[in-house]
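Written out below as C-alpha coordinates is the structure these notes cover.
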Amino acid sequence: MILEDDCLGDDECIKKAFEITQNLPQNSFFHLGGFEQFKPPKIWGKIYNHTLNLSPLCIKNLTGAVSYIIDKKSALNILNAQKSILSLADDYEMILKSVENVYFRNLFGVDLADSNIQDERSIRNKIKKPLFKKLSPILFVDKYLKGNVFAKNLS
(Lines give C-alpha, C1' and ligand atoms only; values in the text may rest on other atoms or scores of the structure.)
Protein backbone atom coordinates (compact mmCIF):
# COMPACT_ATOMS: atom_id res chain seq x y z
CA MET A 1 0.00 0.00 0.00
CA ILE A 2 1.28 3.42 -0.97
CA LEU A 3 0.02 6.37 1.08
CA GLU A 4 1.53 9.77 0.36
CA ASP A 5 2.19 12.29 3.11
CA ASP A 6 -0.78 14.38 1.92
CA CYS A 7 -3.21 11.43 2.07
CA LEU A 8 -6.27 11.79 4.32
CA GLY A 9 -7.84 8.70 5.85
CA ASP A 10 -7.99 6.57 8.96
CA ASP A 11 -7.60 2.96 10.10
CA GLU A 12 -11.08 2.11 8.75
CA CYS A 13 -10.07 3.31 5.26
CA ILE A 14 -6.96 1.14 5.38
CA LYS A 15 -8.93 -1.87 6.63
CA LYS A 16 -11.56 -1.44 3.88
CA ALA A 17 -8.87 -1.12 1.20
CA PHE A 18 -7.23 -4.38 2.23
CA GLU A 19 -10.60 -6.16 2.44
CA ILE A 20 -11.40 -5.13 -1.13
CA THR A 21 -7.92 -6.10 -2.31
CA GLN A 22 -8.46 -9.68 -1.10
CA ASN A 23 -11.18 -10.04 -3.75
CA LEU A 24 -9.20 -8.58 -6.66
CA PRO A 25 -7.23 -10.73 -9.12
CA GLN A 26 -3.43 -11.02 -8.87
CA ASN A 27 -1.34 -8.52 -10.85
CA SER A 28 -3.84 -5.71 -10.32
CA PHE A 29 -3.44 -2.05 -9.49
CA PHE A 30 -5.97 -0.60 -7.03
CA HIS A 31 -6.24 3.21 -6.99
CA LEU A 32 -7.74 4.33 -3.67
CA GLY A 33 -8.87 7.83 -4.61
CA GLY A 34 -7.95 11.30 -3.45
CA PHE A 35 -9.45 13.54 -6.15
CA GLU A 36 -11.41 16.06 -4.04
CA GLN A 37 -9.15 19.04 -4.70
CA PHE A 38 -8.55 18.23 -8.38
CA LYS A 39 -10.77 18.30 -11.39
CA PRO A 40 -12.06 14.69 -11.21
CA PRO A 41 -10.61 12.50 -13.96
CA LYS A 42 -12.92 11.10 -16.60
CA ILE A 43 -12.66 7.44 -15.72
CA TRP A 44 -15.12 4.65 -16.38
CA GLY A 45 -15.31 0.89 -16.28
CA LYS A 46 -17.31 -2.11 -15.20
CA ILE A 47 -18.29 -2.81 -11.61
CA TYR A 48 -16.37 -5.68 -10.01
CA ASN A 49 -17.08 -6.39 -6.30
CA HIS A 50 -18.35 -2.82 -5.72
CA THR A 51 -15.14 -1.49 -7.27
CA LEU A 52 -14.64 0.06 -10.70
CA ASN A 53 -12.53 -2.06 -13.09
CA LEU A 54 -11.27 0.72 -15.37
CA SER A 55 -11.52 0.59 -19.13
CA PRO A 56 -8.05 0.57 -20.74
CA LEU A 57 -9.03 3.68 -22.71
CA CYS A 58 -9.50 5.89 -19.65
CA ILE A 59 -6.32 4.93 -17.79
CA LYS A 60 -4.51 7.85 -19.46
CA ASN A 61 -6.93 10.12 -17.55
CA LEU A 62 -5.98 8.66 -14.17
CA THR A 63 -4.05 11.09 -11.96
CA GLY A 64 -2.80 11.30 -8.43
CA ALA A 65 -0.52 8.94 -6.53
CA VAL A 66 -2.10 9.79 -3.18
CA SER A 67 -3.04 6.21 -2.36
CA TYR A 68 -2.93 2.87 -4.12
CA ILE A 69 -2.22 -0.81 -3.61
CA ILE A 70 -0.05 -2.94 -5.86
CA ASP A 71 1.29 -6.46 -5.53
CA LYS A 72 4.95 -7.29 -4.95
CA LYS A 73 5.68 -8.08 -8.61
CA SER A 74 4.34 -4.72 -9.78
CA ALA A 75 6.24 -2.89 -7.02
CA LEU A 76 9.50 -4.52 -8.11
CA ASN A 77 8.80 -3.58 -11.73
CA ILE A 78 8.31 0.06 -10.71
CA LEU A 79 11.55 0.05 -8.70
CA ASN A 80 13.48 -1.43 -11.61
CA ALA A 81 12.02 1.10 -14.03
CA GLN A 82 12.94 3.96 -11.67
CA LYS A 83 16.55 2.72 -11.59
CA SER A 84 16.91 3.19 -15.33
CA ILE A 85 15.13 6.56 -15.55
CA LEU A 86 13.40 8.59 -12.88
CA SER A 87 9.80 9.41 -13.64
CA LEU A 88 6.99 11.21 -11.87
CA ALA A 89 5.43 9.39 -8.94
CA ASP A 90 2.08 9.22 -10.71
CA ASP A 91 3.33 8.34 -14.21
CA TYR A 92 0.69 5.68 -14.73
CA GLU A 93 1.85 4.88 -18.24
CA MET A 94 5.08 3.57 -16.69
CA ILE A 95 3.53 2.13 -13.52
CA LEU A 96 0.78 0.18 -15.27
CA LYS A 97 2.89 -1.49 -17.96
CA SER A 98 3.12 -4.67 -15.90
CA VAL A 99 -0.43 -4.95 -14.51
CA GLU A 100 -3.42 -6.66 -16.07
CA ASN A 101 -6.30 -4.82 -14.37
CA VAL A 102 -6.75 -1.36 -12.88
CA TYR A 103 -9.39 -0.83 -10.20
CA PHE A 104 -10.67 2.33 -8.55
CA ARG A 105 -12.56 3.14 -5.36
CA ASN A 106 -12.57 6.55 -3.70
CA LEU A 107 -11.59 5.59 -0.13
CA PHE A 108 -8.99 8.26 0.75
CA GLY A 109 -8.81 12.03 0.51
CA VAL A 110 -5.95 14.44 -0.09
CA ASP A 111 -4.67 17.70 1.45
CA LEU A 112 -2.65 19.66 -1.10
CA ALA A 113 -1.54 22.44 1.27
CA ASP A 114 2.00 21.00 1.65
CA SER A 115 2.11 18.51 -1.21
CA ASN A 116 5.43 17.90 -2.96
CA ILE A 117 3.80 15.73 -5.59
CA GLN A 118 1.42 18.55 -6.54
CA ASP A 119 4.49 20.52 -7.60
CA GLU A 120 5.52 17.61 -9.87
CA ARG A 121 2.01 17.38 -11.28
CA SER A 122 2.00 21.11 -12.11
CA ILE A 123 5.18 20.69 -14.15
CA ARG A 124 3.80 17.65 -15.97
CA ASN A 125 0.55 19.40 -16.87
CA LYS A 126 2.53 22.01 -18.79
CA ILE A 127 3.65 19.28 -21.22
CA LYS A 128 1.06 18.66 -23.92
CA LYS A 129 0.25 15.06 -24.88
CA PRO A 130 -0.95 14.13 -28.37
CA LEU A 131 -4.62 13.27 -28.76
CA PHE A 132 -5.43 9.59 -29.28
CA LYS A 133 -6.53 8.35 -32.69
CA LYS A 134 -10.12 9.32 -33.46
CA LEU A 135 -12.69 6.52 -33.66
CA SER A 136 -16.14 6.59 -35.13
CA PRO A 137 -18.50 7.58 -32.24
CA ILE A 138 -20.68 4.52 -32.83
CA LEU A 139 -17.68 2.16 -32.87
CA PHE A 140 -16.23 3.87 -29.79
CA VAL A 141 -19.47 3.56 -27.75
CA ASP A 142 -20.05 -0.04 -28.82
CA LYS A 143 -16.47 -1.17 -28.23
CA TYR A 144 -15.48 0.74 -25.10
CA LEU A 145 -18.48 2.16 -23.24
CA LYS A 146 -21.23 -0.44 -23.53
CA GLY A 147 -21.98 -1.78 -20.04
CA ASN A 148 -19.63 0.68 -18.30
CA VAL A 149 -20.39 2.97 -15.37
CA PHE A 150 -18.69 6.33 -14.89
CA ALA A 151 -16.76 6.77 -11.60
CA LYS A 152 -18.83 9.79 -10.56
CA ASN A 153 -21.92 7.53 -10.53
CA LEU A 154 -20.25 4.91 -8.31
CA SER A 155 -21.35 5.06 -4.69
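We're numbering straight along the sequence, starting at 1. Model, not experiment: these values are computed from the prediction.
- In summary, the aromatic rings of Y68 and F29 are positioned with their centroids under 6.0 Å apart.
- Between atom SG of residue C58 and atom CH2 of residue W44 there is a gap of 5.0 Å, rounded to the nearest 0.5 Å.
- Scored by the side chain to side chain contact (heavy atoms under 4.5 Å, CB included) test, C13 finds D10, F108 as partners (sequence neighbours excluded).
- Looking at every heavy atom in both residues, S67 comes nearest to L3 through CB-CD2, 3.6 Å.
- At least one side-chain heavy atom of M1 sits less than 4.5 Å from a side-chain heavy atom of I14.
- Looking only at side-chain heavy atoms (C-beta outward), F104 and I43 come within less than 4.5 Å of each other.
- At a threshold of 4.5 Å between non-hydrogen side-chain atoms, the residues I69 and H31 do not count as touching.
- Separating the OG1 atom in T51 from the CG atom in L32 is a distance of 9.5 Å, to the nearest 0.5 Å.
- When the ring-ring contact (aromatic ring centres under 6.0 Å, His included) test is applied to F30, no partner is found at least two apart in sequence or on another chain.
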Listed pairs under 3.5 Å, donor-acceptor, residues 16-28 side chains, sequence neighbours left out:
| from | atom 1 | to | atom 2 | distance (Å) |
| --- | --- | --- | --- | --- |
| T21 | OG1 | A17 | O | 2.7 |
| N27 | OD1 | S74 | OG | 3.4 |
| N27 | ND2 | S98 | O | 3.1 |
| N27 | ND2 | E100 | OE2 | 3.4 |
| S28 | OG | P25 | O | 2.7 |

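- Using a 4.5 Å heavy-atom threshold, the side chains of I47 and L52 count as touching.
- Partners of I59 by side chain to side chain contact (heavy atoms under 4.5 Å, CB included), not counting sequence neighbours, listed by chain and number: L54, L96, V102.
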